[in-house]
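Notes follow once the structure below has been shown.
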2 protein chains.
Amino acid sequence: MSSVVVANIGELVTFEPGRPVRLGAAVVLVDGVVQWVGDDADAPPADARVDAAGGAVIPGFVDSHSHLVFAGDRAAEFEARMAGRPYTAGGIRSTVAATRAATDDELRARLAALVAQARAQGTTTLEIKSGYGLTIADEERALRLAREVTDETTFLGAHVVPAEYADDRAAYVDLVRGPMLAACAPHARWIDVFIDSGAFTVDEARLILQAGRDAGLGLRVHAGQLAADGGVALAVELGAASVDHCTHLTDADVEALAGSDTVATLLPLVEFSTRQPYPDARRLLDAGVAVAIATDCNPGSNFSSSMPLALALAVREMGVTPLEALAAATVGGARALRRSGVGEVRVGSSGGVVVLDAPSYTWMAYRVGVPLVREVVGGVR
Amino acid sequence: MSSVVVANIGELVTFEPGRPVRLGAAVVLVDGVVQWVGDDADAPPADARVDAAGGAVIPGFVDSHSHLVFAGDRAAEFEARMAGRPYTAGGIRSTVAATRAATDDELRARLAALVAQARAQGTTTLEIKSGYGLTIADEERALRLAREVTDETTFLGAHVVPAEYADDRAAYVDLVRGPMLAACAPHARWIDVFIDSGAFTVDEARLILQAGRDAGLGLRVHAGQLAADGGVALAVELGAASVDHCTHLTDADVEALAGSDTVATLLPLVEFSTRQPYPDARRLLDAGVAVAIATDCNPGSNFSSSMPLALALAVREMGVTPLEALAAATVGGARALRRSGVGEVRVGSSGGVVVLDAPSYTWMAYRVGVPLVREVVGGVR
């Protein structure tokens with residue numbers, strides 16, 4: 001057993017109900033798990049001490065949407081897009097080709113670097129999707145590698161229809177919900193489908209998600225990125241844990257979400273990197289919808305893994321307060337993963353804590369872009 | 001003498017005329033100054049070696065506009081603004097009160113921390129203004145402290161009219177261009193005036209800038225932040241090195257800038273943090289105006305010191321390419337300070353180099369928000 005006390009905390013964000021922020025606090029973690037939270041003056045001794053120096057401490061971020069198993073990059077596509085070429089889902093296929101050609105160790109090294117970089121920015125819980133393999137063996141491999149670094153693995157064989165099935169979509173859907181699912185389910189906790197005019201229809205998604213549910217997987221959906229496409233209604237109908245993007249929503253979508261256990265996960269870094277209008281987080285919160293913020297870190301539509309920047313964009317562009325944004329990036333992400341014990345700081349929490357080089361969590365927006373994560377303490381899978 | 005070779009550079013941005021980027025390069029610095037640039041295979045030996053690991057290396061950023069000598073913060077004002085309260089120049093006075101009350105050592109410690117943080121983000125040349133003292137002694141002190149960390153010090157007694165002169169603006173203008181200027185000029189290279197409806201008029205600015213020029217200082221102007229206010233024409237008329245903000249410009253302003261040696265310095269982090277429309281960099285570049293990008297790091301209108309984020313915002317919001325944005329943040333800043341030998345990588349350059357954890361400079365926009373500065377090498381005052 002190894003204990004550490006994070007002491008001299010000026011402002012501790014716990015997200016304890018009714019008292020989300022406390023001042024003058026300390027936290028003790030044993031083997032990465034929170035064992036004590038209280039006033040700094042009462043902190044018990046521990047094997048090691050981290051001095052927060054009067055700064056703020058927040059829960060580790062829960063990034064509930066990422067695609068980190070891939071090879072190559074699409075910087076040229078990004079640059080062309082910024083010069084005016086529109087974003088479509090089609091670029092995914094170029095990453096599929098590069099990923100299929102990579103060795104396990106190449107993918108593992110890239111993944112490890114990206115996970116370490118995310119943790120250095122405060123992310124301690126990370127969902128990772130497959131979706132750049134699109135064969136049985138390549139999807140199974142992606143999930144096996146992802147499972148080496150997180151329990152929150154998501155089978156996304158339905159990312160796009162691969163080039164070799166372009167003339168027979170139905171056959172690809174049957175592959176995904178049949179033998180590919182069977183091979184992947186042992187390595188996955190979730191199944192996801194990208195609903196988009198460049199990817200899958202609502203009807204195709206229903207077939208795939210139902211098969212995933214029958215195989216024991218939880219459900220997630222990409223919907224509403226570029227249009228109100230009917231995916232939100234499907235997600236609610238099937239009881240998905242989360243529907244992600246939600247940039248384009250009808251009033252009926254918002255109403256359906258508000259009456260459901262499905263979280264609306266917003267991915268503002270995607271809107272930054274595709275120069276699209278931002279989702280309206282205020283509208284969702286005011287309607288009573290549970291909201292999460294995540295990165296969607298991937299080589300195409302957004303290659304940033306910065307949860308602090310995602311928060312700042314939510315404050316600048318999406319009508320939420322700094323505390324609402326932080327909640328969406330922590331407890332909101334936990335809810336989107338149907339997890340307890342992460343995204344908050346209370347006895348038993350396993351998501352670790354993040355010490356900021358700032359007196360308040362509000363500084364992540366106030367000092368946008370400045371790396372303010374001083375140290376990440378604890379967190380276990 | 002101490003030499004270091006930065007070797008194994010995949011992509012080196014030099015901004016050498018006609019060949020701004022070269023591949024497969026190395027750079028040797030002696031006592032912080034570039035002594036050799038060439039192909040990696042030909043690199044001479046040196047006392048120390050930094051392995052760029054095939055990544056990109058760029059010139060150190062030239063942040064030609066900052067306000068780093070102050071006490072306190074205005075996070076509450078930021079949060080209120082994000083909740084809908086409009087930005088005005090009036091909040092400056094609260095920082096003035098906090099700064100006057102601080103000791104030299106308190107100001108020095110804050111300044112040192114901010115400079116170190118800027119360097120960690122790749123900024124090796126930094127202009128620093130006074131402007132939170134607004135008495136003879138407090139302005140002189142701010143410049144004396146700033147001069148301890150940079151030669152690019154700017155006297156900004158004309159930041160706002162302090163509360164104690166609210167009923168006699170003319171007396172404050174006379175103070176600034178008389179005894180305050182006399183006390184400050186020995187510690188300053190530049191004089192600057194904030195032209196704004198909440199600060200100084202064009203006529204007041206003319207008097208102050210002319211006095212500064214007579215005292216041997218170079219001229220800088222804040223203008224066009226919230227309205228086309230006539231400040232750009234004044235800056236061009238007086239031959240200022242730079243006119244900063246330039247968010248609101250008339251066609252005549254653009255034409256005047258294009259025919260001048262005055263640089264238009266854009267500060268997109270201010271637009272981010274005040275939720276204002278971004279300046280149109282494309283319009284300026286297409287008209288032949290010399291453009292710089294800087295942070296304007298200050299406790300009020302923007303407290304970010306991130307040049308990488310400023311670049312990414314320019315690409316997302318201001319119609320420029322990643323290379324144009326990087327040029328504005330390096331050689332553009334050097335021109336705005338009428339400096340040679342910084343913001344570029346050639347023999348004799350004293351601005352240091354920045355090793356990125358990325359294969360190309362384009363990744364600062366492609367991976368917005370991710371801290372990609374791996375190491376800053378060299379640079380001297």
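Residue numbers begin at 1 in each chain, while the letters A, B, ... track the order of the sequences.
- Note on A:A365, A:A118, A:S360, A:A120: by heavy-atom pairs under 4.5 Å with chain B, the leading option is A:A365.
- In this structure, the portions of A:A75 lying under 4.5 Å from any heavy atom of chain B include both its backbone and its side chain.
- Residues B:V368 and A:S306 come closest through the heavy atom pair O-CB, 4.4 Å.
- For the set B:E271, B:M307, B:R81, B:E317, the entry with the most heavy-atom pairs within less than 4.5 Å of chain A is B:E271.
- For A:A76, no part lies near chain B; criterion is any non-hydrogen pair under 4.5 Å.
- Listed for the B:Y366 side chain is no donor-acceptor partner under 3.5 Å among the backbone atoms of A:E77.
- Between the A:R316 side chain and the B:S273 main chain, no donor and acceptor come within less than 3.5 Å of each other.
- A pairwise comparison of heavy atoms in A:E79 and B:T362 identifies OE1-CG2, 3.3 Å as the closest pair.
- B:N302 CG to A:R367 CZ: the interatomic distance, rounded to the nearest 0.5 Å, is 9.0 Å.
- The parts of A:D73 that come within reach of chain B are both its backbone and its side chain, each placing non-hydrogen atoms under 4.5 angstrom from that chain.
- The shortest non-hydrogen separation linking A:V315 to B:M82 is CG1-CG, 3.6 Å.
- The two residues B:Q117 and A:L372 make their nearest non-hydrogen contact at NE2-CD2, 4.0 Å.
- With a 4.5 Å cut-off on non-hydrogen atoms, A:P308 does not touch chain B at all.
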